[in-house]
Amino acid sequence: MTTVRTRIAPSPTGDPHVGTAYIALFNLCFARLHGGQFILRIEDTDQLRSTRESEQQIFDALRWLGLEWDEGPDVGGPHGPYRQSERGDIYKKYSDELVTKGHAFPCFCSAERLERMRAQQMAKKETPRYDGHCMHLAPDEALRRIAAGESYVTRMKVPSEGICVVPDMLRGDVEIPWDRMDMQVLMKADGLPTYFLANVVDDHLMGITHVLRGEEWLPSAPKLIKLYEYFGWEQPALCYMPLLRNPDKSKLSKRKNPTSITFYQRMGFLPEAMLNYLGRMGWSMPDEREKFTLREMIEHFDIQRVSLGGPIFDMEKLSWLNGQWIRELSVDAFATQVQKWALNHEYLMKITPHVQGRVETFSQIEPLAGFFFRGALDLDPALFVHKKLDADQVRQLLQLILWKLEALRQWEKDRITGCIQSVSEHLGLKLRDAMPLMFAAITGQASSVSVLDAMEILGPDLTRFRLRQALELLGGASKKETNEWEKLLASIA
């Protein structure tokens, strides 16, 4: 009997996302129910955005929730390496095999030609897809151009007509027309694989038997199925999980809902409650109880109990459930959890040097530094009235700073300062012009301890959350402003 093997394959390109934890939880439960293994693989082929800091945050966040994997980059295993960036030779071998078999081809088309082609197709209201320009090049001609050092990608061939039947564990057979499929790039010009090739090769070589992933990947499933066919491999069972949604039914996004796992840790949620809530996303216990442990979820797990309606991620509901968990703690356990959250020695030692020289009694600590122990702040709009800037300029400055900080992966005081300074200078301002607004947004006060030190101590999640909170208080950005400011952001060094 085949051992069940599932996997989660996050990209280390940002904060650890609750959607990653949600998919990881269901993969873990499915594997454990069947006595199988759960694997963590890192998809870090995006060399510009992938960082080891982000990778470590993924490990830490999943472990904080209580999710453990049997194989992975940090624990090893018989099918390593478990980082795609360390498997380049493997992908090239299989890419070359597809070219040799006639299932893929080198494509030399420039970005400019591809843009013109797609613009013409869209003008004719056609589905944008590669037109096969390089598909019929003679092999000798292709080899000559490669030998001459011409840049190229490797594309797979796909049918242009007919239907692909995708067997989904939740929906049954899903029919998707081939004319919706593009000739997918498999190997990029930098020699690294795309998601499609790397996932198929890795899942096969790592013995993955069941792939549970988000339903946003369902429309492109035919390309994965075709790759299995080209290689002559048995494809794993496919299961496309419903996406987490904002309360307005849109796809869960950080602009409408905090999406970083670390944010919920910093806000003071219990990991057991957070995991419990993610387990309720589109799934229910046979007796419909709201509160359950990971062990109980595994014992009663049935993938067919997943509902296809988009599960709503509701902060109020999560807070209510967290309250249920908190109230069932003993007094000693409650005190221990509070200490672990923010009253621990490590966190206090970060704050103490900035507070000690500013107080004369301990009772002055809370008014000065209470913001270090809060999540959301009760902000006063009057604090955002600026001597130099009008209300629209204040919103623009805060939004641009937020976007710069969202892209910051190494959360250090000097880098934080650099983000704020670069935005300020681009807008013809000095750093000191931005600081009163940062004090207001981050501390809720006109002055306090060094706000730059405070941002480093609070961490990226709470800092960004408070900036979003301030922007929401001030009216946010319209669609037109967002488009204009994003163009401006691109020009800021």
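For clarity, every value in this text was computed on a predicted model and none was experimentally measured.
For Asp60 and Arg63, the salt-bridge test fails: no basic side-chain N is under 4.0 Å from an acidic carboxylate O. Using a cut-off of 4.0 Å between Lys/Arg side-chain N and Asp/Glu carboxylate O, Glu55 and Arg49 are scored as not salt-bridged. Ion pairing of Glu71 with Arg41 is absent here, as no side-chain N (NZ or NE/NH1/NH2) approaches a carboxylate O to less than 4.0 Å.
If you check the side chains of Thr361 and Ser363, you find a donor sitting under 3.5 Å from an acceptor. Side chains of Tyr264 and Asn322: a donor-acceptor N/O pair is absent below 3.5 angstrom, by distance only. With no hydrogens or angles considered, no side-chain donor-acceptor pair links Ser54 and Arg409 at under 3.5 Å. Between the side chains of Tyr195 and Glu43, no donor N or O sits under 3.5 Å from an acceptor N or O. In this model, a donor atom of one side chain and an acceptor atom of the other lie less than 3.5 Å apart for Ser250 and Asn246. Between the side chains of Asp461 and Ser260, at least one donor N or O sits under 3.5 Å from an acceptor N or O. Donor-acceptor pairing under 3.5 Å is lacking for the side chains of Glu272 and Asn276. A donor-acceptor contact closer than 3.5 angstrom is absent between the side chains of Trp283 and Asp302. A side-chain donor from one of His426 and Ser491 sits under 3.5 Å from a side-chain acceptor of the other.
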Please step through side-chain contact (heavy atoms from CB on, under 4.5 Å) for the pair Arg7 and Asp203, ending with a clear verdict.
-> CA-CA 8 Å; Arg7 52 80 170 166; Asp203 284 346; 2.9 Å; yes
Under the side-chain contact (heavy atoms from CB on, under 4.5 Å) criterion, do Thr154 and Val185 qualify, and how do the steps go?
-> CA-CA 6 Å; Thr154 302; Val185 172; over 6 Å; no
Derivation of the side chain to side chain donor-acceptor pair (under 3.5 Å) call for Lys291 and Gln324 = CA-CA 8 Å; Lys291 183 176 176 291; Gln324 302 300 305; over 6 Å; no
Should Leu377 and Thr443 be marked as a side-chain contact (heavy atoms from CB on, under 4.5 Å) after you check the CA-CA gap, both sets of side-chain angles, and the distance that decides it?
-> CA-CA 8 Å; Leu377 300 177; Thr443 73; 5.6 Å; no
Test salt bridge (Lys or Arg N to Asp or Glu O under 4.0 Å) applied to Arg466 and Glu472, step by step | CA-CA 10 Å; Arg466 289 181 182 175; Glu472 189 176 336; over 6 Å; no
Step by step, work out the side-chain contact (heavy atoms from CB on, under 4.5 Å) result for Phe263 and Val18.
-> CA-CA 10 Å; Phe263 166 81; Val18 292; over 6 Å; no
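Between Met438 atom CE and Met455 atom CE the span is 3.5 Å, to the nearest 0.5 Å. Here the straight-line distance linking atom CG of Leu278 with atom CZ of Arg280 works out to 11.0 Å at 0.5 Å rounding. Remark: Leu205 CG to His79 NE2 distance equals 9.5 Å, nearest 0.5 Å. Taken to the nearest 0.5 Å, the CG atom of Asn344 stands 12.0 Å off from the OG1 atom of Thr336. To the nearest 0.5 Å, the span separating CG on Asp314 from CH2 on Trp320 amounts to 12.0 Å. The CE atom of Met241 sits 6.5 Å away from atom CG of Leu170, with the distance rounded to the nearest 0.5 Å.
Looking at Glu456, its side chain does come within 3.5 Å of a backbone N or O of Lys413 through a donor-acceptor pair. Under the 3.5 Å distance criterion, the side-chain polar atoms of Asn27 are matched with a main-chain donor or acceptor of Ile23. Listed for the Arg464 side chain is a donor-acceptor partner under 3.5 Å among the backbone atoms of Leu405. Gln84 places no side-chain N or O within 3.5 Å of a backbone atom of Thr45 that could act as its donor or acceptor partner. Listed for the Asp44 side chain is no donor-acceptor partner under 3.5 Å among the backbone atoms of Ser50. Judged purely by atom type and a 3.5 angstrom limit, Asp70 has no side-chain atom pairing as donor or acceptor with the backbone of Gln37. Side-chain atoms of Thr209 come within 3.5 Å of backbone N or O of Arg5 as a donor-acceptor pair. Checked by atom type and distance alone, the side chain of Arg358 pairs as donor or acceptor with a backbone atom of Ser448 at under 3.5 Å. For the pair Glu481 (side chain) and Arg395 (backbone), a donor-acceptor distance under 3.5 Å is absent. Arg266 places a side-chain N or O within 3.5 Å of a backbone atom of Leu458 that can act as its donor or acceptor partner.
Within the 4.5 Å cutoff, side-chain heavy atoms of His300 are placed close to those of Arg289. Contact check for Lys404 versus Ser422: side-chain heavy atoms found under the 4.5 Å cut-off. Counting only heavy atoms from C-beta outward, the side chains of Tyr240 and Arg213 approach each other to under 4.5 Å. Under the 4.5 Å side-chain criterion, counting only non-hydrogen atoms from C-beta, Arg171 is not in contact with Val166. In this structure, Leu218 and Leu238 have side chains that are not in contact, with every pair of non-hydrogen atoms separated by 4.5 Å or more. Under the 4.5 Å side-chain criterion, counting only non-hydrogen atoms from C-beta, Met297 is in contact with Leu25. Between Leu197 and Met187, some side-chain heavy-atom pair lies under the 4.5 Å cut-off. Between Thr51 and Thr13, the closest side-chain pair of non-hydrogen atoms is not below 4.5 Å.
In Glu288, the CD atom is crowded: over 12 heavy atoms of neighbouring residues, nucleotides or ligands sit closer than 6.0 Å. More than 12 heavy atoms of other residues, nucleotides or ligands shown are found within 6.0 angstrom of CD on Gln304. Enclosure of atom CD in Glu412 by more than 12 non-hydrogen atoms of other residues, nucleotides or ligands within 6.0 angstrom is indicated. Within a 6.0 Å sphere centred on CG of Asp248, heavy atoms belonging to other residues, nucleotides or ligands number more than 12. Atom NZ of Lys430 sits in a sparse spot, with 12 or fewer heavy atoms from other residues, nucleotides or ligands closer than 6.0 Å. Taking a 6.0 Å sphere around NZ of Lys92, one finds it holds 12 or fewer heavy atoms contributed by other residues, nucleotides or ligands. Around the CZ atom of Phe334, the shell of radius 6.0 Å holds no more than 12 heavy atoms that belong to other residues, nucleotides or ligands.
For the residue pair Leu397 and Ser424, the shortest heavy atom distance occurs at CD1-OG, 4.3 Å.
Note on ring orientation: taking the six-membered ring where Trp is involved, the planes of Phe301 and Phe26 are perpendicular (angle over 60°, cut-offs 30° and 60°). Between Tyr228 and Trp233, the ring-plane angle classifies as perpendicular under the 30° and 60° cut-offs.
Between Tyr347 and Trp341, the ring center distance fails the sub-6.0 Å criterion. Taking the centre of each ring, Tyr277 and Phe269 stay at or above the 6.0 Å mark. Taking the six-membered ring wherever Trp is involved, the centroid distance between the rings of Phe30 and His210 falls below 6.0 Å.
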